[in-house]
Every structure is written in structure tokens, then in C-alpha cells.
Visitor: 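The following block contains the structure, expressed as C-alpha cells.
Below, all heavy atoms of this structure are taken into account, side chains as well, without hydrogens, waters or symmetry copies.
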Amino acid sequence: MTTVITIILALAAIFCICMLGWFKRKKLKEKLLSVYTFKNYALILPYAKPYWIRALIAVLITIPVGSMDAVIAWSLKPFMDVVLVEKQTGWTMYIPLMIVVFSVLQALFTYLANYMNTWVGNKISLKIKEELFDKLQHSDAAFFDSESSGNILFRYNTDADIACGGLLGNMRMFLTRFFSSLSLIVVLFYNSWQLAIVAVIVLFGALMPMTMVRKRLNSIVSADANAIASLLGNYNEAFGGNRIITAYNLYDYCKKKFVTSVNNVFDLCMQMLKKTGIIAPMTHVFSAFGIAFVIWYGSYLIVDKQITAGNFASFITSLVMLYNPLKSIAGNYNSVIFSLMAVERVFGILNSQPKIRDTEKSLPLKNCKGDIIYNDVYFEYLEDKPVLRGINLKINHGQTIALVGNSGGGKTTVSSLLPRFYDVTKGSISIDGTDIRNFKLYDLRENIAFVFQDNFLFSGTIRENITFSNPNIDEKTLQKALKSACLDEFISSLDKGLDTQIGERGVLLSGGQKQRVAIARAFIKNAPILVLDEATSALDNKAEAVVQQAIDNLMKDRTVLVIAHRLSTVRNADKIVVINNGEIVEEGTHEELLNLGKEYAALYKTQLA
């Protein structure tokens, strides 16, 4: 009997050695531990530094929480041997009380560890979200052109929660289970070194399935993240496009898109289950084999009087305590991998750099006069698909230049290059004789004011939307800006005046009122360069007349770049530039271009007709 068992143990040991060699040869162990676990914890740890005392307490508490399992398991040995076998009582009668006391302490420590862990985790999550939001705000315009709102919401908000909550929760669980397993293994060897070897071998075997499926999960987890982001996008569309959905009865269309997204998430979840669902059953089977072998072999050891009944009861209890957490870890393996990959996505963003950014040699832009030169400018959004070709344009300080032409000709692109929403592909743009790429971005954009066709208003009050560039502005200057923007009469008609709430995106204001709010904040900014991007094209004649008067007030003593669809609004510009298909085809005053009788004249006559 002893020989047979020795042979079985020897074969099991050889099996474990072979598996460890396989791990080393394939480098799976190294990759699993260093890349997907410790590396990710290392990324998170610097964020815990301001809260290191609470974090340290949360870590230290895991020692008694884990170790108390071993104390409870160990206490069964004297209880079984003295009370049940020898039929005596003595001090062992206090063991049940000790178990209760230790369990209560363990519960209290567990609560405290959860509290500390949650507090630190949320603080870290808030800090990471703050940095992610800062990254988002400073992203290039090209980034927003290609990303969906759902993807941004998931990557810049949800991922932070998954990363911090998942990793810190897993770290607490890992440390608790580590100290628990370590202490339980000590109890196992204390009771029987022969049975302990079997238990440890089974433990290695139960961990094997997790290392085998991890690599196959990467692509599915990434696809699942994208699918969830797409699902979130449906909610954003339902909110932002509610009027279009209602007006065109698009309920079925939007629901169909939503159902497709939901089904996609479901399919990916099922694929993940197919690849990882075997982990928990295999772990359960390995554990069952281990416990069965221990019972069989333990019975022999008891009969042979190598161990007592108390040793065996303590051993079995320790073994069950050791294997049960392992089963729960196997069952939650998907969430562990999901949180690890969320960390990679989060820090992939945090470690990225926008293409358009300041350099060490960036210069401040002070006392800007507003002399602008476009020198042989080429630009393309997509490679080998030019939008602008050889744009040469000079705008002197105080001049008003109007850009007109067919839709899609490149007018808005010309204005978007000035504040470096995008960088030119070839050529240069200069302000006051210096290439704009040499200026600090903040200074450059601080000297340019915009009034768009569809101006974005933030939820809040009218005052907040007008004064956010200068919240400490004095009341006299503010009232002057309101009057210049032809907004004073409208404000005086409101019960709460400037403190009136306007709803998300200014939904409670009309188009003309929104435009005048945008013009008022341009007055407050008081930038020497002004860009008007079809600021009146979406208004009716009455609203346009009021807004045009406000715009005329705003244009005084500034260098102005006007993108216009209605040619009647730019007749008085110092120069009109006609851009078609990304090239300047004509330039001159209104009268000069009419006398030429070419592109501008044809466009003007078409609008008159």
C-alpha cells in the first residue's frame, strides 16, 4: 500500500515538474504574471500614493483575514482528539467560543478591508477619470471626427471604473487568498506532509486551465468592449436625436439598431463563456479528485496510526477552505481579464500624445495685431485625398475677408486650420510674421474668437455661457457686451435675466437667441481675430437682421474671416475670396468680382434669382 501511494505521489510530482517546464518553455507563466498582472498593478500603484496609509491598512488587514481561516481549521485537531476521541473536555470546550470570536473578528476586518479598499479605489478612479477627461479635451479634432460618443463614454469613463474597481478588488481578494492559502498550507503540512503534497499538486493542476484560456480571451474581450461602446452610442443617439426620431417616426429603425447591438454583446458573452466556461468545472473536478484521494489515503494513514482523527478533520477542513476560493476565482476569471485589459486601455490613453501639441520651443503670442498669411497651403483629411490645394491668402490687420463658394469647396477647412484644429499638410500659416505652429496652443486660440453656424451652449445659465472665458468680468463691460450683441432687450424680458437656465445645449432658446449669446461671449473674449462660420445662414430674415447688426458691432477693429453662404451678407467685405474644389479661383471686392462676370457673378445671380 505504501509503495503504491509513493509511486502515485512520485508520478504526480513528475507531472508538476513537467508542467512547470512547459510553462517556462512557452513563457506563458512569465507573460501572465508580468504583463497582465504585476505590470497592471504597477500602473495603478502611483495613483494610490496620496492615500498610501489607507491603502496600507487595507493590505495589512488581509493578513489576519486570511490567516484566521487557518486558525479555525487548526482548532479542529485538539477538539476532535480530546473531545470526540478521548471523551474529555478541559480547555478544548473553549474552542467553539474561540471559533465564534475569530469569525466575528474576521467579519469585522473584512468589512474594514472592503471599506478601505472601496474608498481608495474610488479616489483612484476619480483621479484617473480626471486625467482621462483632460486627455479627451486636448485630443485632436481628427480624433473626434473618427470616434463615436459611445466609444468615448466607455473608454473615458466606464473603463476607469472597471480598471480600478476590478483590479483593486482582485488585489484584495488575491492578498486575502494568498495569506489564507499560505496559512492553510502550513496547517496541511502540520497535520500530514504526505496529504499536503497531494493537496499542493492538485492546487497546481486546478490553476492550469486559467493559464491555458487567457490568450484566447484577448480578442473577445476587446471586441466585447467595442460592442458595449456601440450599445452606449444608441442611448446617446436616442437622447440627442429625439426630435428627428419623433418627427420621422424612426422608432422601429432605432430599435432595430439597438437590438442588433444588444445581440452582438450577447453573442460575444456567449463566445467568452464557451472559451472560459470549462475553467470552473475543471477546477471543481480537480478539487474533487484531490479531496477523494485525501480521504482514501487519509483513511489508510489513520488506520496505520500515522495521523489522528483530529489531524484528518483539521486537514479536510483546511483543504476545503483552500479549494473553495479557488473555485470562485475560476468562476470570476472573465471579470479579472476584463479589468486587466481595461487597465491597458486606460493607460494606453493616458500615455498617448496628441499630434497637435506644444513643444519646448513654443512661443507665447502677445500683443497680437492680427496680420494673417496663408502661404501655399495644402491639406487633406484622408491620405492622398487633398481638400485644399495651394491656398495663398493675405489678411491685413483690421481687414474683413469673406470666403465664399460651392458647398464642400474647403471654406470651413481654411478657417479650421487657423487655430490649429488641424495642421496643414504642406505650406504654412503665419500670424504677425510667425508660423502658428511655433506658438503655444493656448495663446494662439486665446487670440481667436469663433461664432459658428450651430453654436454649442452648455447646460446652465445665460450668464455662465457668456462669461466662461472671463468669469470675473465687471458688470459694466458685461452690459456693454449684451447691448452690442443686441441681447439686452431679450435678457430684460426674462424673469431671472442672465441667471435664466437654458437647458442642455441651450434647447430653451431660439436659433437667433443662441447666435446672439455666442456673439456676446465673443465680445467678452475680446480677441483680435474673429472667425464667423456661416453665422446667419440658418436664421430667418427677421432673426438674421438682428444677428447681423450684432455681428457688425463685433467686427469693428478686428481681423475678420467670414465664411458665408448668403452673399448679401458679405458685400461690404474688404476682399471676397471664391474657393471651389479646394482652390482659390477668384478674389476681389464685390464690385470687382461682379464686373469679372465669372464664378462669383454666376453664384450671386443664382442667389438673386
Visitor: Testing the basics here: between Pro354 and Asp140, what is the closest heavy-atom pair and its distance to 0.1 Å?
Guide: CB-OD1, 3.5 Å
Visitor: Give the intermediate values and the outcome of side-chain contact (heavy atoms from CB on, under 4.5 Å) for residues Val414 and Leu403.
Guide: CA-CA 9 Å; Val414 170; Leu403 304 180; 3.7 Å; yes
Visitor: For the pair Lys361 and Asn438, evaluate side-chain contact (heavy atoms from CB on, under 4.5 Å) and give the outcome as yes or no after the intermediate values.
Guide: CA-CA 7 Å; Lys361 298 181 180 180; Asn438 295 329; over 6 Å; no
Visitor: How long is the straight-line distance from CG of Asp134 back to OG of Ser139, given to the nearest 0.5 Å?
Guide: 9.5 Å
Visitor: Do Thr158 and Ile228 come close enough that some side-chain heavy atom pair is under 4.5 Å?
Guide: no
Visitor: Counting only heavy atoms not in Asp252, do more than 12 fall under 6.0 Å of its CG?
Guide: no
Visitor: In terms of heavy-atom contacts, does OH of Tyr253 have more than 12 from other residues, nucleotides or ligands at under 6.0 Å?
Guide: no
Visitor: Is the CG atom of Asp474 crowded by more than 12 outside heavy atoms at less than 6.0 Å?
Guide: yes
Visitor: Please say whether more than 12 non-hydrogen atoms of neighbouring residues, nucleotides or ligands are located less than 6.0 Å from CG in Asp423.
Guide: yes
Visitor: Do Asn470 and Arg521 pair up side chain to side chain, a donor and an acceptor below 3.5 Å, judged on atom types alone?
Guide: no
Visitor: Using atom types as modelled and distance alone, determine if a side-chain donor or acceptor of Thr400 lies under 3.5 Å from a backbone N or O of Val560.
Guide: no
Visitor: Take atom CG in Asp435; do more than 12 heavy atoms of anything else shown fall under 6.0 Å from it?
Guide: yes
Visitor: Can Tyr47 and Ser125 be counted as having a side-chain donor-acceptor contact under 3.5 angstrom?
Guide: no
Visitor: Counting only heavy atoms not in Lys135 (residues, nucleotides, ligands), do more than 12 fall under 6.0 Å from its NZ?
Guide: yes
Visitor: Under 6.0 Å from the NZ atom of Lys483, do we count more than 12 heavy atoms belonging to anything else shown?
Guide: no
Visitor: Picking from Ile391, Leu388, Asn392, Val578, what satisfies side chain to side chain contact (heavy atoms under 4.5 Å, CB included) with Ile584?
Guide: Ile391
Visitor: Just one of Leu532, Val404, Ile563 clears the side chain to side chain contact (heavy atoms under 4.5 Å, CB included) bar with Val570, so which one?
Guide: Val404
Visitor: Heavy atoms only: give me the nearest Ser362-Thr359 pair and the separation to one decimal.
Guide: OG-N, 2.8 Å
Visitor: Judged by atom type as modelled, is there a donor-acceptor pair below 3.5 Å linking the side chain of Asp358 to the main-chain atoms of Leu441?
Guide: yes
Visitor: For a side chain to side chain donor-acceptor pair (under 3.5 Å) check, start with the C-alpha distance between Asp145 and Tyr422, then their side-chain angles and the critical distance, and finish with the verdict.
Guide: CA-CA 11 Å; Asp145 293 340; Tyr422 307 89; 2.5 Å; yes
Visitor: What about the rings of Phe144 and Phe421, do their centers lie closer together than 6.0 Å?
Guide: no
Visitor: Where do Leu417 and Ile436 come nearest, in terms of heavy atoms and distance?
Guide: O-CD1, 3.4 Å
Visitor: Which atom pair, heavy atoms only, marks the closest approach of Gly410 to Val387?
Guide: CA-CG1, 4.5 Å
Visitor: Measure up the Tyr604 and Tyr600 rings against each other and bin them: parallel (under 30°), tilted (30 to 60°), perpendicular (over 60°).
Guide: parallel
Visitor: Looking only at the side chains, is there a donor atom on one of Glu599 and Asn580 sitting less than 3.5 Å from an acceptor on the other?
Guide: yes
Visitor: Decide side-chain contact (heavy atoms from CB on, under 4.5 Å) for Phe490 and Asp488; before the verdict, give the C-alpha distance in whole Å, the side-chain angles of both, and the deciding distance to 0.1 Å.
Guide: CA-CA 5 Å; Phe490 168 66; Asp488 50 335; over 6 Å; no
Visitor: Just by distance, with hydrogens left out, do Ser261 and Asn264 show a side-chain donor and acceptor under 3.5 Å apart?
Guide: no
Visitor: Output the distance between atom CG (Leu594) and atom CD (Glu591), rounded to the nearest 0.5 Å.
Guide: 6.0 Å
Visitor: Can you name the nearest heavy-atom pair linking Leu498 to Thr461, along with the distance?
Guide: O-CB, 3.6 Å
Visitor: Show the nearest heavy-atom pair for residues Leu363 and Asp443, with the distance to one decimal.
Guide: O-OD2, 4.5 Å
Visitor: How about Tyr156 and Phe133: are their ring centres within less than 6.0 Å of each other?
Guide: no
Visitor: Any side-chain donor paired with an acceptor under 3.5 Å for Asn553 and Ser484?
Guide: no
Visitor: How far apart are the C-alpha atoms of Ile431 and Ile529, what are their side-chain angles, what is the distance that settles it, and do they pass the side-chain contact (heavy atoms from CB on, under 4.5 Å) test?
Guide: CA-CA 10 Å; Ile431 293 179; Ile529 300 173; 3.9 Å; yes
Visitor: Check the orientation of Phe458 and Phe456. Use parallel for under 30°, tilted for 30 to 60°, and perpendicular for over 60°.
Guide: perpendicular
Visitor: Quick check for you: to the nearest 0.5 Å, what is the distance between Ile349 atom CD1 and Ile128 atom CD1?
Guide: 11.0 Å
Visitor: So with a 6.0 Å cut-off around OH of Tyr381, is the heavy-atom count from everything else above 12?
Guide: yes
